[in-house]
Enquirer: 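To start, I am sharing the structure in question, which I have written as structure tokens.
Note that the structure is predicted; figures quoted are calculated from it, not measured.
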Amino acid sequence: MYKILIVEDDTIIAKSMQKHIETWGYEAGYVTDFKDVLSKFVSFQPQLILLDISLPFYNGFYWCSEIRKVSKVPIIFVSSASDNMNIVMAMNMGGDDFIAKPFDLSVLMAKVQAMLRRTYDFAGQSSLIEHKGAILDTSDATLAYNGEKIDLTKNDNRILQILMENKGKIVSRDSIMTKLWETDNYIDDNTLTVNMTRLRKKLESIGLTDFIITRKGIGYIIE
């Protein structure tokens, strides 16, 4: 089931869009905290976003730009600010389509379905994990933080995935090595230490100091 995130500060409009989208068999959710739209995006992991321009705190252009730093998910702007300048700006910021308010719900759904077909008939979906502003994309082995993005090796990606999926819990060295054994190369205890040292240096290069904590004799934790 495709998931669609609605970023609209008018609750009546947001709920109306959500209800109509769900009658077509999709899952829909809407943002309530407009100070942190990105966290909702990461936790909900939608396959499409419907984004208004005029929002509290930061406008839709800002959030489109922030989402584009970590994802290629299709974004359809839905706004009454439908003059040529705003439409051009929406496309230049990374938007994929524009629907002017007021709009007909049947037209909205036609555009949504067309966008989903074009995007996902020939492409996979990304898998994002977020913690304290750091966003891991396991599908392309990248980590984004504070506007910067680094490429990860296969081992880096697997280590961060298991630690971030278990954030707040200590993960034993044996558990991590078992995960790494799924790669082409055998990983022993010394190799894990070398991998962990290299990964920490990469994290520090984008400002993530002490992101991975060692628990001596037990394993590692992301708190």
Enquirer: According to a hydrophobic-cluster definition based on side-chain heavy atoms being under 4.5 Å apart (Ile, Leu, Val, Met, Phe, Trp, Tyr only), do Phe98 and Val88 belong together?
Expert: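 In one cluster: no.
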
Enquirer: Would you call Val7 and Leu50 a side-chain contact if the rule is heavy atoms closer than 4.5 Å?
Expert: no

Enquirer: To the closest 0.5 Å, what do you measure between CG (Leu143) and CG (Asp151)?
Expert: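 So the CG of Leu143 and the CG of Asp151 are separated by 10.5 Å.
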
Enquirer: Is a side-chain N or O of Thr197 found less than 3.5 angstrom from the main chain of Thr193, in a donor-acceptor match?
Expert: yes

Enquirer: Just checking Lys167: does its NZ atom have more than 12 heavy atoms from other residues, nucleotides or ligands closer to it than 6.0 angstrom?
Expert: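 Check passes, neighbour count above 12.
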
Enquirer: Supply the atom-to-atom distance Tyr220 OH to Met196 CE, rounded to the nearest 0.5 angstrom.
Expert: 4.5 Å

Enquirer: Apply side chain to side chain donor-acceptor pair (under 3.5 Å) to residues Thr142 and Asp140 and explain how you reach the verdict.
Expert: CA-CA 6 Å; Thr142 59; Asp140 67 359; 2.8 Å; yes

Enquirer: Considering residues at least two apart in sequence or located in another chain, which fulfil the ring-ring contact (aromatic ring centres under 6.0 Å, His included) criterion with Phe61?
Expert: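 Only Phe77 meet the ring-ring contact (aromatic ring centres under 6.0 Å, His included) criterion with Phe61.
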
Enquirer: Between Ile221 and Ile218, is there a shared hydrophobic cluster once you connect ILVMFWY residues whose side-chain heavy atoms come closer than 4.5 Å?
Expert: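 Ile221 clusters together with Ile218.
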
Enquirer: Drop me the distance from Asp96's CG to Met115's CE, to the nearest 0.5 angstrom.
Expert: 4.5 Å

Enquirer: Do we get Lys3 above Phe44's six-membered ring, with its NZ or CZ under 6.0 Å from the centre and within 45° of the axis?
Expert: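 Flagged: Lys3 positioned over aromatic ring of Phe44.
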
Enquirer: Can you tell me how far the CZ atom of Arg200 sits from the CG atom of Leu208, to the nearest 0.5 Å?
Expert: 12.5 Å

Enquirer: Linking I/L/V/M/F/W/Y whenever their side-chain heavy atoms sit closer than 4.5 Å, directly or via other members, would Trp63 and Phe34 fall into one cluster?
Expert: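 They do share one cluster, since a chain of ILVMFWY contacts under 4.5 Å joins Trp63 to Phe34.
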
Enquirer: Donor-acceptor pair, Asn166 side chain versus Ile162 backbone, under 3.5 Å?
Expert: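 The answer is yes, because a donor-acceptor pair under 3.5 Å joins these two groups.
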
Enquirer: With a 3.5 Å distance limit and no angle check, can you tell me whether Ser43 reaches the backbone of Ser39 through a side-chain donor-acceptor pair?
Expert: yes

Enquirer: Once you round to the nearest 0.5 Å, how far does CG of Leu116 lie from NZ of Lys111?
Expert: 13.5 Å

Enquirer: Taking Glu130 for its side chain and Val42 for its backbone only, find out whether a donor-acceptor pair lies under 3.5 Å.
Expert: no

Enquirer: Does this structure show an ion pair linking Asp52 with Lys101, if we count only N-O contacts that are shorter than 4.0 Å?
Expert: yes

Enquirer: Looking at Ser205 and Lys202, would you say the former's side chain and the latter's main chain have a donor-acceptor pair under 3.5 Å?
Expert: yes

Enquirer: Where do Asp174 and Ser172 land on the side chain to side chain donor-acceptor pair (under 3.5 Å) test, with the steps shown first?
Expert: CA-CA 5 Å; Asp174 286 343; Ser172 70; 5.4 Å; no

Enquirer: Salt-bridged, Asp33 to Lys40, with N to O below 4.0 Å?
Expert: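 No.
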
Enquirer: Let's go through Thr138 and Arg158 carefully: what are the C-alpha distance in whole Å and the side-chain angles of both, what is the deciding distance for side chain to side chain donor-acceptor pair (under 3.5 Å) to 0.1 Å, and is it a yes or a no?
Expert: CA-CA 8 Å; Thr138 59; Arg158 288 179 182 269; over 6 Å; no

Enquirer: Using a 3.5 Å distance criterion without hydrogens, assess whether the side chain of Ser79 forms a donor-acceptor pair with backbone atoms of Ala81.
Expert: yes

Enquirer: So does Lys169 pair up with Glu223, basic N to acidic O under 4.0 Å?
Expert: no

Enquirer: Same cluster or not: Ile170 versus Met177, using hydrophobic residues (I, L, V, M, F, W, Y) connected whenever any side-chain heavy atoms lie under 4.5 Å apart?
Expert: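 No, no single cluster joins them.
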
Enquirer: Are Leu105 and Leu51 connected, step by step, through hydrophobic side chains (Ile, Leu, Val, Met, Phe, Trp, Tyr) whose heavy atoms are closer than 4.5 Å?
Expert: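 Same cluster.
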
Enquirer: Scan Ile6, Val37, Asp36 and name whichever one has a side-chain contact (heavy atoms from CB on, under 4.5 Å) with Val31.
Expert: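 Result for side-chain contact (heavy atoms from CB on, under 4.5 Å) with Val31: Val37.
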
Enquirer: Within this structure, what is the CG-CZ distance for the pair Asp9 and Phe57, rounded to the nearest 0.5 Å?
Expert: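 These two atoms lie 10.5 Å from each other.
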
Enquirer: Between Asn155 and Thr153, does any side-chain donor sit less than 3.5 Å from a side-chain acceptor?
Expert: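 No, because no side-chain N or O of Asn155 sits under 3.5 Å from a partner of the opposite role on Thr153.
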
Enquirer: Using a strict cut-off of less than 4.0 Å between a Lys/Arg side-chain nitrogen and an Asp/Glu carboxylate oxygen, indicate whether Lys201 and Glu204 qualify as a salt bridge.
Expert: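 Result for this pair is no, no salt bridge flagged.
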
